[in-house]
Number of protein chains: 2
Amino acid sequence: MTAKPRPTYSAIAKSAGVSEATVSRVLNGDSRVNPERTAAVLKAVDQLGYRKNRAATALASGRTGLIAVVIDDDLSIFDDPFWGTVTSGISRVLMANHLQTVLMVTAVNNVDGPVAHYLESREVDGAIFFQLHKDAMVRKLAKAGLPIVITGSPHTDADLIFVDTDNFGGGYAATKQLLNRGCKKVAIITGDIETTAGHQRLDGYNQVYRELGRVPAKSLIRHGDYSYESGQVQMRHLLEENPDVDGVFACNDLMALGAIAAIEESGRTVPDDVAVIGFDDSIMSRTSRPQLSTVRQDIAALGEAAAQLMIAQLNGDQVESRIMPVELVLRESA
Amino acid sequence: MTAKPRPTYSAIAKSAGVSEATVSRVLNGDSRVNPERTAAVLKAVDQLGYRKNRAATALASGRTGLIAVVIDDDLSIFDDPFWGTVTSGISRVLMANHLQTVLMVTAVNNVDGPVAHYLESREVDGAIFFQLHKDAMVRKLAKAGLPIVITGSPHTDADLIFVDTDNFGGGYAATKQLLNRGCKKVAIITGDIETTAGHQRLDGYNQVYRELGRVPAKSLIRHGDYSYESGQVQMRHLLEENPDVDGVFACNDLMALGAIAAIEESGRTVPDDVAVIGFDDSIMSRTSRPQLSTVRQDIAALGEAAAQLMIAQLNGDQVESRIMPVELVLRESA
DNA sequence: TATTATTGTGAAATCGGTTTCACGCCTACG
DNA sequence: CGTAGGCGTGAAACCGATTTCACAATAATA
């Protein structure tokens, strides 16, 4: 009752009148096979509807055709469309290159945990990490020779390959815009300052002041954690300590919305009394009122770039980290 | 210069003084192995830091340890945190069961495309599909014996295993609430009516009217497409044709926000003139003002349930589709 | 007590590819 | 003209597990 067994090299070799070794050569693009034999093999492959068995290939060649995408459990990927978009960009590019994406949502902190073991075991050909806080595990894996790409905030001092948004440039552009539109006192609500991304956006903010020969008051710099609530809370503090603040760069859209809520509850209006710029160009920046001005990043492109860097590494090419450009999107809030 | 090669069964067998067959038995939980030998094997495994080679296992056993999660490219997974959350729920449960998640973002329509081939080739042990429009491919794979679970809207007439939100119950509860709070004329803005989910929410709405012995006017039923803009546009139509409409059930939060925008631009207020209820309990329902009343679904639980159904199938257990409960969350808009 | 099951075990075949090696043949160089 | 180097090819080893099969030792049955 069981159907036709799938054809193997043996069947193709027989059908094409060549050895299995030659079948392998043809199917792996070894150029020095007689054209006639090549044709015969390809014809047999086609006729028999042959498909390689991935497990057998993996066992014999050591290449699994799988790339892991590791997402730290700590991150609330929940509620955050960002990572889904990045991941689908990665998946699309990998599939086009005959690689599959293995998604691992897990705690990354443990250098000796199951994930580390899994990756070390070479059950995948490479790994793409998202937004790390700690990099001990990644370093260890990289040292062990596993091709790695980091997406999101890279490490300050590492020679690891990464792809990231131009956080500095985004922070710079947002702050500059606020000053250009006439704001006199521009504050910042940072995201998680532990991450490089958070730091870089703040650096961009500071750079604008530096170029003007000014130094922002300490009280203008407040640290949030990327949540709506933290944006609201920090904005209240800001308004209390600096009633004359007239511009705010919030390091993501969610905090920007929280900040706007705080501004309006204080009786002020956006953008007339206080202008606000967010970061991400998330869907909420368009659905909120006033619509949010923000720093846009091409998120899918970020994922695609990560996948391309991975593929380049697998090919043994020389690879360099990439910073993806951002774009200021002006709507109503600034 | 190359490091220690990874130990294999051969090394363990030697170290424990048993045959490789016995090592396999111990590591696969075959109970009829002498306890002493079992202990010796486990000790050797521990000492040598042994880990199974997945490719070899897959080749020999036919099980790859991989489950595909297939997301239709057509869906804008972009901007929609929903699927990311479902996926991470799936991944977490699968990992706990020593299975890995292979993510495929691709066009699903083609019965004979690369994805179909990939899945048919048994390069994965099973597949979880998201929100299908067409099910030809899925049927074919299921018939071929591949374990399958569908997440999101299931098929009307299929005996395929699925997990879905209680769309009917959600639509019913939302509509009922609007009437209970005193609305006289309750409209609905549906989502993509092609999907079962869209239909079921509408059915829930109709059921409430039916129980009251009434039939909603045709003009109270408008079809959107889950986008913010469509919510806004359909609401404008609604207000034009039914100026006295005082309640709206929008089939997702995004459309609900669009509807609120339309209501306010007409000079009416929410919820006093028109009450609004959305669906999803997305982050936006909390950040918008007025805060949105909505139908909450436990999205991560949806993914977890899907993974569990998959695992049950792999175990050969009898499996039944599941409908996950929803909960009405009342905030300010209704 | 003789015979049949049952249990524990290892040798060897198997899964389906890849890769090394040796061989025969042909061209190029000194 | 003789030898070195290349090319195309097939036989066979190999990747690292699982599983069948045969066999010995023990327990259960008649």
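Every chain is numbered from 1, with letters handed out A, B, ... down the list of sequences.
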Subject >> Side-chain donor/acceptor of B:Ser91 to backbone N/O of B:Thr87, under 3.5 Å >> reply: no

**OP:** Using five pairs at either end of the helix from C:dT1-D:dA30 to C:dG30-D:dC1, determine the angle between the two local helix axes and round it to 10 degrees.
**Re:** 30°

Original post:
How many angstroms lie between atom CE of A:Met310 and atom CD1 of A:Ile128, to the nearest 0.5 angstrom?
Top reply: 5.0 Å

Original post:
Do A:Tyr118 and A:Val124 come close enough that some side-chain heavy atom pair is under 4.5 Å?
Top reply: yes

Original post:
Tell me the salt bridge (Lys or Arg N to Asp or Glu O under 4.0 Å) pairs involving residues 54-70 of chain B, sequence neighbours left out?
Top reply: A:Glu123-B:Arg54

Subject >> Contacting residues from residues 7-17 of chain B, given that a heavy atom lies under 4.0 angstrom of DNA chain D >> reply: B:Thr8, B:Tyr9

**OP:** Using modelled atom types only, decide if a donor and an acceptor are shared between the side chain of B:Ser61 and the backbone of B:Thr57 within a distance under 3.5 Å.
**Re:** yes

Original post:
Which letters describe nucleotides 19-27 of chain C, given B = protein heavy atom under 4.0 Å from base, S = only from sugar-phosphate, - = neither?
Top reply: BB-------

Original post:
Tell me the side-chain hydrogen bond (donor to acceptor under 3.5 Å, both in side chains) pairs involving residues 94-104 of chain A, sequence neighbours left out?
Top reply: none

**OP:** Would you kindly give the CG-to-C1' distance between A:Asp30 and C:dG17, to the nearest whole Å?
**Re:** 15 Å

Original post:
Within the pair A:Thr57 and C:dG17, is there a side-chain N or O less than 4.0 Å away from OP1 or OP2?
Top reply: no

Original post:
Contact boundaries of DNA chain D with chain B (under 4.0 Å, heavy atoms), 5' to 3'?
Top reply: D:dG16 to D:dT20

Original post:
Between C:dG17 atom P and A:Lys52 atom NZ, what is the distance in whole Å?
Top reply: 8 Å

Subject >> side-chain hydrogen bond (donor to acceptor under 3.5 Å, both in side chains) contacts touching residues 304-322 of chain A (sequence neighbours left out) >> reply: none

Original post:
Residues in side chain to side chain donor-acceptor pair (under 3.5 Å) with B:Asp125, at least two apart?
Top reply: B:Thr64

Subject >> Partners meeting salt bridge (charged side-chain N to carboxylate O under 4.0 Å, His left out) with B:Glu120 (sequence neighbours left out) >> reply: B:Lys140

Subject >> For B:Thr38, side chain to side chain donor-acceptor pair (under 3.5 Å) partners two or more places apart >> reply: none

Subject >> Residues within residues 33-41 of chain A bordering DNA chain C, heavy-atom distance below 4.0 Å >> reply: none

**OP:** Mind calculating the distance between CG (A:Leu48) and C1' (C:dG16) to the nearest angstrom?
**Re:** 15 Å

**OP:** Check A:Ser88 against A:Thr85 and note the closest heavy-atom contact, atom names and distance.
**Re:** OG-O, 3.1 Å

Original post:
Any donor-acceptor pair under 3.5 Å linking the side chain of A:Arg122 with the backbone of A:Gly62?
Top reply: no

**OP:** Not counting sequence neighbours, which residues clear salt bridge (charged side-chain N to carboxylate O under 4.0 Å, His left out) with B:Glu20? List them please.
**Re:** none

